[in-house]
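Because only heavy atoms are used, hydrogens play no part in the values below, and waters and symmetry mates are left out as well, while side chains stay in. All chains are named by letter (A, B, ...) in the order of the sequence lines, taking the proteins before the strands, and each is independently numbered beginning at 1.
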2 protein chains.
Amino acid sequence: MATEVDLDRTDFAILRLLMKDAWLSNKEIAAAVGLAPSSCHERIKSLRTRGVLVSAHAEVNLQAIGFPLEAVLFVQLGKLEGQVVDKFLKSTAAIPEVRGVFLVSGRFDLLVHVVVHDMEHLKEIISQHFNRHAVVVRVETSVVFNHEARHVMPLAENKGKSAIS
Amino acid sequence: MATEVDLDRTDFAILRLLMKDAWLSNKEIAAAVGLAPSSCHERIKSLRTRGVLVSAHAEVNLQAIGFPLEAVLFVQLGKLEGQVVDKFLKSTAAIPEVRGVFLVSGRFDLLVHVVVHDMEHLKEIISQHFNRHAVVVRVETSVVFNHEARHVMPLAENKGKSAIS
DNA sequence: CATATATTCGAAATTTATTCGATTGACTGT
DNA sequence: ACAGTCAATCGAATAAATTTCGAATATATG
């Protein structure tokens, strides 16, 4: 598993820009970080092959396509047998309406973020999926009033660990 | 606020592709949905101006840049006065380590997803930010064992509501 | 200080994005 | 059914960006 990589200030600048806006052209990024387009291109290619830059995803306005309601499900699971839980996790993540799954420690075992058309739709997902599996002990549902996703480097400017370490 | 938009099967196909991989070229998308590049380009432009396609963000391997630990904070807030809560939400979202903030109904008021270097770093964020604000009544912390984000259309194939409705 | 390695650059070659007028197809009202 | 209106699609031309690559520069190593 790729855990550590050497990145300099310029790499971080590139990553920071692409996290904010993956639609930036190579030319624009090059200008922003002070490199020639060819050099910048080389670095981006390297970041991808090294597994730092993983992918890019477009964000669509889910309200606009008929999903105005969001919820978080707090799921308690029974005695965790690796196999069964893993299967349930996979099948949960495979539901189109599911936007994220967190397997966590503490009072709950699983947090599931879903988007739905309406309350009926939400009820359907819970009753058809979660209340059907034996591993699920209990589900608590919270409606999401407001949700903000942050696509920024979790690091203050110029705090990139250089290769000097 | 833009809530409803007319989208046909092709629009959904384009959105589905871009959600999965925002690095696809216009040419590739055009081929995949069976349009000429110029037509596809026109549609994508329209999707953006209509506010359906909002943005795109690169996903970086946070392990690789020194953030191997994730946590979810369950926050209870005091009597919700709009102004104060709103300010606290904004300041929370402004923390670089925060990846998402959910204002929810139910047992907790706020869910915060954070990435950190280590436990010390996590403790620091909680004590420096959350335990410093009067609105915060209580914080429960869960370590994230596993986290899967889903970047797919929350809709089964060919289930796009056509303009016929 | 000399050697080896990695980065950077600029220019050429390739590919892609973008514009635009003409054509096709779909919808409206009579 | 039919003419008229509007929107979508296409292909070709132009503009712009990506990608490759050898030479030059900088950086690290012994």
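Rounded to an integer number of Å, the gap from Asp8(B) CG to dG25(C) P is 17 Å. Put simply, CZ on Arg43(A) is 18 Å from C1' on dT19(D), counting in whole angstrom units. Rounded to an integer number of Å, the gap from CD1 of Ile44(A) to P of dA17(D) is 14 Å. Atom CD1 of Ile29(B) is separated from atom P of dA17(C) by 8 Å (rounded to the nearest Å). Distance CG (Asp6(B)) to C1' (dA26(C)): 14 Å, rounded to an integer number of Å. Asp11(A) has its CG atom 8 Å from the P atom of dT8(C), to the nearest Å. Rounded to an integer number of Å, the gap from CG of Leu24(B) to C1' of dT16(C) is 14 Å. Remark: P of dT20(D) and CD of Glu42(A) are 9 Å apart, rounded to the nearest angstrom.
Contact of the Ile14(B) side chain with the Leu17(B) side chain is not registered, since no non-hydrogen atoms from C-beta on lie closer than 4.5 Å.
Taking the six-membered ring where the residue is Trp, His129(B) and His133(B) present tilted rings, their angle falling between 30° and 60°.
Distances from the side chain of Lys45(A) to the nucleotides dA8(D), dT20(D), dC20(C) place dT20(D) closest. Looking at the side chain of Asn26(A), the nearest of the listed nucleotides dT18(C), dT20(D), dT19(D) is dT19(D). Comparing dT9(D), dT19(D), dT8(C) by their closest approach to the side chain of Ser39(A) singles out dT8(C). The nucleotide whose nearest atom lies closest to any side-chain atom of Ala36(A) is, among dG11(D), dT16(C), dC9(C), dC9(C). Closest approach to the Leu35(B) side chain among dC10(D), dA11(C), dT7(C) is made by dC10(D) (side chain taken as heavy atoms from C-beta onward). Here the side chain of Lys27(B) is nearest to one of dT16(C), dT19(D), dT8(C), namely dT16(C). Checked against dC10(D), dA17(D), dT8(C), the side chain of Ser25(A) finds its nearest nucleotide in dA17(D). Nearest nucleotide to the side chain of His41(A), out of dT19(C), dT20(D), dT9(D): dT20(D).
For Asn146(B) (side chain) and Leu103(A) (main-chain N/O), no donor-acceptor pair under 3.5 Å exists by modelled atom type.
In the hydrophobic clustering of ILVMFWY residues, with side-chain heavy atoms under 4.5 Å counting as a link, Leu73(A) and Val85(A) come out together. Neither Ile125(B) nor Phe102(A) shares a network with the other; the hydrophobic side chains, linked directly or stepwise wherever heavy atoms of I, L, V, M, F, W or Y lie under 4.5 Å apart, form separate groups for each.
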